[in-house]
Trainee: 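Structure below; questions to follow.
Read the numbers this way: they start at 1 and go in the same order the structure lists the ligands and their atoms. Remember, predicted model here, so these are calculated numbers, not experimental data.
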Amino acid sequence: MTSMIEVSGVSKRFGGVVANNQISLSVPSGRITGLIGPNGSGKTTLFNSIVGFHPIDEGSITFEGKEISKLRVPQIARLGLLRTFQQTRIYGKMNCMDNMMISVPQRRMPLSRMFVKFSAEMLERAEAILEFVGLYQKRYLPAGSLSFGQQKLLEFAMALINEPKILLLDEPTAGINPTLINGLIDRLRRANEEFGITLFVIEHNMRVIMNLADNIYCLAHGEMLAHGNPGDIQNDKRVIDAYLGAH
Ligand code: ADP
Ligand code: MG
């Protein structure tokens, strides 16, 4: 089993708050890995560190064997490591196709080429991906008119058009109705199986993550609490206590 991302002894502090303390984990290639933990346990902070959103205080992060902890977001994105946000980042006044188009430079193009005319091939790809996530019919509607769940599907599509090797998803199902959750899980699984995209997913909904991931890490208070397959994690007393203690 090759690992795509290796996090070793990573710490991140905000003033006096230790958001991540000596975190180590590995994300295997071609699989779906979960990251769970109560609110405030440091999950989003870890994603931010991996994608180069802020510098880490100590430790090492490698992507396909290459140290990336000193690189910035665009450099890391160009290597094929992308993320989606807990709050979606779409342009509400622009239609879905235009949102797809402006997201392309993330990985493939330098900023200076952002304003070149997009090729017919690129437009076709955007349509095919919107079809894949179930938004083809709505492709010329303003993104802001979509439901929150559909906006998350659009954000997922915006990541896919950049052909990521790995996609980090921060609470993809939060705020989405149950019908769309099932559709989204299905799409995530297909992106993994059919397109070979490795997924690393932060998820608060236990049912969802148990269903989706084949290995799961659990954080609590900035520390790594447990790691195992869904069955192990579900029955781990430390994990159960961390969740019960949080509510
Ligand atoms: P989670 O995603 O698991 O809910 P976060 O990573 O968002 O947790 O937060 C972990 C801790 O770090 C929290 O105590 C949070 O308040 C703190 N934190 C996160 N980001 C910042 C920031 N930019 N500035 C100050 N504190 C932060
Ligand atoms: Mg978070």
Side-chain angles (χ1 to χ4, degrees), residues 5-27 32-61 63 68-74 76-77 81-90 148-149 151-153 155-156 158-159 164 166-176 181 184-185 188 199-210 212-213 215-228 230 233-234 236 238-247:
I5 291 177
E6 284 283 347
V7 171
S8 316
V10 165
S11 299
K12 178 67 188 173
R13 288 177 282 275
F14 297 105
V17 177
V18 184
N20 287 151
N21 188 24
Q22 295 275 329
I23 300 300
S24 296
L25 58 80
S26 101
V27 181
I32 304 180
T33 300
L35 181 62
I36 63 171
N39 275 333
S41 58
K43 305 181 297 296
T44 297
T45 300
L46 186 65
F47 268 23
N48 283 337
S49 297
I50 293 172
V51 301
F53 186 72
H54 53 212
I56 56 176
D57 294 312
E58 60 178 337
S60 142
I61 304 171
F63 173 65
I68 57 166
S69 62
K70 302 280 189 298
L71 303 182
R72 308 285 299 273
V73 172
I76 292 175
L81 194 165
L82 294 179
R83 65 94 61 89
T84 65
F85 293 87
Q86 209 166 335
Q87 304 296 325
T88 56
R89 298 205 169 174
I90 58 167
F148 183 67
Q151 292 183 12
K152 289 209 148 184
L153 284 166
E155 209 199 8
F156 178 46
M158 288 161 65
I166 179 166
L167 187 55
L168 275 52
L169 298 129
D170 195 345
E171 303 207 19
T173 69
I176 302 189
I181 287 186
L184 181 62
I185 294 174
L188 291 176
L199 299 179
F200 189 21
V201 186
I202 293 178
E203 185 51 67
H204 202 70
N205 183 326
M206 280 288 208
R207 181 186 67 82
V208 169
I209 202 69
M210 295 299 159
L212 190 62
N215 76 104
I216 298 173
Y217 288 92
C218 180
L219 292 179
H221 305 293
E223 312 266 349
M224 186 61 73
L225 191 68
H227 174 224
I233 289 290
Q234 214 161 7
D236 192 307
R238 295 164 302 176
V239 176
I240 295 165
D241 287 348
Y243 269 84
L244 292 177
H247 294 293

Trainee: Considering the heavy atoms of T45, write down every atom of ligand 1 situated less than 4.0 Å from one of them.
Mentor: 5 (P), 6 (O), 9 (O), 10 (C), 19 (C)
Trainee: Measuring to the Mg ion (ligand 2), does T44 have an N/O/S atom at a distance below 2.8 Å?
Mentor: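 Looking at T44, which is the residue asked about, there is an N, O or S atom under 2.8 Å from the Mg ion (ligand 2).
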Trainee: Check each of K152, E155, M158 against T84 using the side-chain contact (heavy atoms from CB on, under 4.5 Å) test, and report the only one that passes.
Mentor: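 Going through the options one by one, the only one that passes is E155.
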Trainee: Looking at OG1 of T33 and CG of L212, how far apart are the two atoms once the value is rounded to the nearest 0.5 Å?
Mentor: 10.0 Å
Trainee: For ligand 1, which atoms, with element, lie under 4.0 Å from some heavy atom of N39?
Mentor: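 Near N39, the atoms of ligand 1 are 4 (O).
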Trainee: Short list, please: which atoms of ligand 1 are under 4.0 Å from a heavy atom of S41?
Mentor: 1 (P), 3 (O), 8 (O)
Trainee: Roughly how far apart are I216 CD1 and I32 CD1, rounded to 0.5 Å?
Mentor: 11.0 Å
Trainee: Are the side chain of K12 and the backbone of P55 linked by a donor-acceptor contact shorter than 3.5 Å?
Mentor: yes
Trainee: Below 4.0 angstrom from a heavy atom of A19, which ligand 1 atoms are there? Numbered from 1 as shown, please.
Mentor: 11 (C), 12 (O)
Trainee: Which distance, rounded to the nearest 0.5 Å, do you find between the CE of M224 and the CG of N21?
Mentor: 11.5 Å
Trainee: At a 4.0 Å cut-off, with the gap strictly under it, does some heavy atom of G40 reach an atom of ligand 1?
Mentor: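 G40: in contact with ligand 1 (<4.0 Å).
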